[in-house]
Number of protein chains: 2
Amino acid sequence: MTMNAAGGRRRPPTIHDVAREAGVSRGTVSRVLNGGHYVSPAAQEAVNAAIRKTGYVVNRHARSLITGRSDSIGFLLTEPQERFFEDPNFNVLLRGCTQALAAHDIPLLLMLAGTEDERRRITRYITAGHVDGVLLVSSHSGDPVAEQLRGAGVPLVACGKPIGLGSKVSYVAADDRDGARDMVRHLLSLGRRRVGMVTGPLDTPGGVERLAGYKEVLAEAGLELDERLVVSGDYTRASGEAGAERLLAQAPDMDAVFVASDLMAQGVLAALQREGRRVPEDVAVGGFDDSPAALASRPELTTIRQPWDRISAEMVRVLLAQIGGEDPAAVILPTELVKREST
Amino acid sequence: MTMNAAGGRRRPPTIHDVAREAGVSRGTVSRVLNGGHYVSPAAQEAVNAAIRKTGYVVNRHARSLITGRSDSIGFLLTEPQERFFEDPNFNVLLRGCTQALAAHDIPLLLMLAGTEDERRRITRYITAGHVDGVLLVSSHSGDPVAEQLRGAGVPLVACGKPIGLGSKVSYVAADDRDGARDMVRHLLSLGRRRVGMVTGPLDTPGGVERLAGYKEVLAEAGLELDERLVVSGDYTRASGEAGAERLLAQAPDMDAVFVASDLMAQGVLAALQREGRRVPEDVAVGGFDDSPAALASRPELTTIRQPWDRISAEMVRVLLAQIGGEDPAAVILPTELVKREST
DNA sequence: TTCTCTACTGTGAACGCTCACAGAAGCATG
DNA sequence: CATGCTTCTGTGAGCGTTCACAGTAGAGAA
């Protein structure tokens, strides 16, 4: 522990100082730092002691200069900003990725691309090699940033299956269709027969898949698809509220509703309560995500849990593998029905 | 525009390539890159053309190696993770800081310190000089990370006035006391006389100041402070809900309540509605923050706007100034009363 | 002319690390 | 004994910049 006087930062120790302290050469210290292969136990020990004594920390810039790697990765969000502000799922994902990367001692650079200008700046930054890879959150199809990055050969893993990109892009996603099936089956098992749905945006795979699951289960139960029972939203709370109003107007006899995200489900609950419907007595409500919003709702939301911790961990794992030279991979993770008060 | 075959990344152009292309020396290119002083217009032009032609982007690692700066800054959050997940204010702040830094071409490294282990790792990372400065979000007093960083001479600017750190730490904050005064005056102006308060945590300056403003205005209106009308929360939604229940039990005649954060106010609204109180007819509710949560509430919350965009911009400005050698500074920004449906 | 001053330009030497290579030592094999 | 192999170690080169310094050219003053 070295104390600094008056807040001044002193020149930090270099690998050279450690080598001198340990009585070995720079090369040996470097080998210890990078895994310790081909180093005698004695040297190993001496170097580690010297590192502790000097408080040495590797200079990442010097390392990067020669290795060509930056040992940092970018977390790129190309979603519209209002969703970033309102949807706690991003925070859960962001934290998960940060932690998973921290275990590899890799810092996460946050990149928010809202405007066209920001997109350009960020694309330029990434393709310049300032990060080794990118964790991408962009549910909408045909994201130009993603295509550019992919074209430039930047390792990339998306959260959720990207539409319109070649098959050569990695992604990690929950099993949306299966989750939707579980939820709708659950609603039917409660005896509900007029089950509505507020879908997500239908230019996203999640939106499409969850709707597909809903339709499948209705068909398998021998129920006819009533178009008045289906409206679409955009994952915002407000769109859930508007969607519920539309549903109630089109199909006043609705006795359950499957909402494609918890945030929209919050809006649905608010609209139902305003219209005097009791939840779950009059209308059962099922959400999707198991985001913190589900627990914050009154009544607490029955929902489909996306395994966020596993999703972020897998995203990082797949990305690092790809940086290491492996081929792109797709990972689909199972979901789980979480029963709470709203059904 | 260079096209890459088969996704392979080719060796990027260096300053040397640019120099050769422009017919000048490395030094001249470097000067153009760093402000263009002492460079003839002709050379300037030639270099810029060469940069465009080659698609050159500076190698930040090489630059950092010699300048000793990393040209990146850290955004450090030492709040408990549940608040990060649930409070949209963080996202607003995070986005604001990211954008303000982007204007200076400085990437933001996200650092989340939840566990003791993470704290140590992050402290080590920062003090090793891997970032030039830190934007700190840590409302609680006596944060050991902050003290360590300050002791190590790391440029630091906090969001909100830190308690217990020496006066030599920069911070940017909204005028909490004045905002609280405005809100309570507003509630009194509506004719309410039994005005309760749900405070923030009282080991934070924001929590203390907002309570102080409340007390001041009661005193100036000649109202006696009734301790049954004051309960404290921790900024979470759940604590707002619990607080409101306690208030209603202790002081059933309460006709208004000032809640120290919008998120807690959401909880208060839920509790009031459950207890059958109409808002604002029976009880007027005022929040604090003007976070996205205020607009998402039903009814929409009257609240005190914290100028988040200015706060983040000032944090970045003060931090960069400090990195540039200036003394620590404190910035207090004015708040604004935003009237909506809940009062 | 000669000197000085200003505006500009080029060059070598770092920055701290990794990597390739050469070499040394120890030990078994031919 | 020479030869090979394995394990370990030191050394020089170089990654792509910036910085200090030296040097050049042109303008103006003595």
Side-chain angles (χ1 to χ4, degrees), chain A residues 9-48 50-51 54-72 105 125 127-132 324, chain B residues 9-48 50-51 54-72 105-106 125 127-130 132 324:
Chain A
R9 293 215 236 176
R10 68 164 57 164
R11 206 177 125 293
T14 74
I15 205 175
H16 214 107
D17 300 323
V18 175
R20 188 153 24 78
E21 180 70 36
V24 297
S25 71
R26 290 171 1 245
T28 299
V29 176
S30 177
R31 276 183 285 265
V32 171
L33 254 33
N34 295 290
H37 300 303
Y38 288 95
V39 181
S40 68
Q44 183 96 242
E45 181 48 41
V47 169
N48 282 327
I51 287 176
T54 55
Y56 171 79
V57 178
V58 68
N59 181 323
R60 301 172 88 103
H61 302 302
R63 171 183 286 172
S64 293
L65 183 54
I66 184 157
T67 61
R69 285 174 283 116
S70 70
D71 290 319
S72 67
D105 212 34
Y125 185 88
T127 51
H130 291 320
V131 293
D132 295 338
Chain B
R9 294 214 235 178
R10 69 164 59 164
R11 206 177 125 293
T14 74
I15 205 175
H16 214 107
D17 300 324
V18 175
R20 188 155 23 78
E21 181 71 34
V24 297
S25 71
R26 291 173 359 249
T28 300
V29 176
S30 178
R31 276 183 285 265
V32 171
L33 254 33
N34 295 289
H37 300 302
Y38 287 96
V39 181
S40 68
Q44 182 96 241
E45 181 49 41
V47 168
N48 282 327
I51 288 175
T54 55
Y56 170 79
V57 177
V58 69
N59 181 323
R60 302 171 87 103
H61 303 302
R63 171 182 286 172
S64 293
L65 183 54
I66 186 157
T67 61
R69 285 175 283 116
S70 70
D71 290 320
S72 67
D105 213 35
I106 297 177
Y125 186 88
T127 51
H130 291 320
D132 295 337

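Every heavy atom of this structure was used, including side-chain atoms; hydrogens, water molecules and symmetry mates were not. Just so you know, these numbers come straight off a predicted model, no measurement behind them. Residue numbers begin at 1 in each chain, while the letters A, B, ... track the order of the sequences.
- Note: CG (N59(B)) to P (dC17(C)) measures 16 Å, nearest angstrom.
- Taken to the nearest 0.5 Å, the OH atom of Y38(A) stands 14.0 Å off from the OG1 atom of T28(A).
- Residue contacts for R26(B): at a heavy-atom cut-off of 4.0 Å it reaches a base atom on one of the strands shown.
- Across V57(B) and H130(A), no two heavy atoms sit closer than the pair CG1-NE2, 3.8 Å.
- Taking both residues in full, the closest heavy atoms of A62(B) and L65(A) are given as CB-CD1, 3.5 Å, listed atom of the first, atom of the second, then distance.
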Can you check side chain to side chain contact (heavy atoms under 4.5 Å, CB included) on V39(A) and V24(A), steps first, answer last? CA-CA 11 Å; V39(A) 181; V24(A) 297; over 6 Å; no
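- With sequence neighbours excluded, the residues satisfying side chain to side chain contact (heavy atoms under 4.5 Å, CB included) with S72(B) are S70(B), P107(B), L109(B), V131(B).
- The line from CZ of R20(B) to OG of S25(B) is 13.5 Å long, rounded to the nearest 0.5 Å.
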Readout for nucleotides 4-9 of chain C: B = base within 4.0 Å of protein heavy atom, S = sugar-phosphate only, - = neither; 5' to 3' it is ----BB
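- Contacts between chain B and DNA chain D, taken as any atom within less than 4.0 angstrom of a protein heavy atom, begin and end at dG16(D) to dT18(D).
- A straight line from CZ of R69(A) to C1' of dG16(C) spans 15 Å, rounded to a whole angstrom.
- The nearest pair of heavy atoms linking Y56(A) to T14(A) is CE1-C, 3.5 Å.
- Atom CD1 in I15(B) sits 10.0 Å away from atom CG in N59(B) (nearest 0.5 Å).
- Annotation: side chain of H16(A) is in contact with side chain of R26(A) (closest heavy-atom distance under 4.5 Å).
- With sequence neighbours left out, the side chain to side chain contact (heavy atoms under 4.5 Å, CB included) criterion links D71(A) to R60(A), R63(A), R69(A), D132(A).
- When rounded to the nearest whole Å, the span between CD1 of I66(A) and P of dC17(C) equals 11 Å.
- Rounded to a whole Å, the CZ atom of R63(A) is 9 Å from the P atom of dC19(C).
- Contacts between residues 14-21 of chain A and DNA chain C, defined by a heavy-atom separation below 4.0 Å, involve T14(A), I15(A), listed by number.
- Heavy-atom minimum distance, P12(A) versus D17(A): O-OD2, 4.5 Å.
- Taking five base pairs at each end of the helix from dT1(C)-dA30(D) to dG30(C)-dC1(D) and finding the rotation axis that steps the C1' atoms of four pairs onto the next four gives two axes whose angle is 60°, to the nearest 10°.
- Pairing each heavy atom of V18(B) with each of V47(B), the nearest pair is CG1-O, 4.2 Å.
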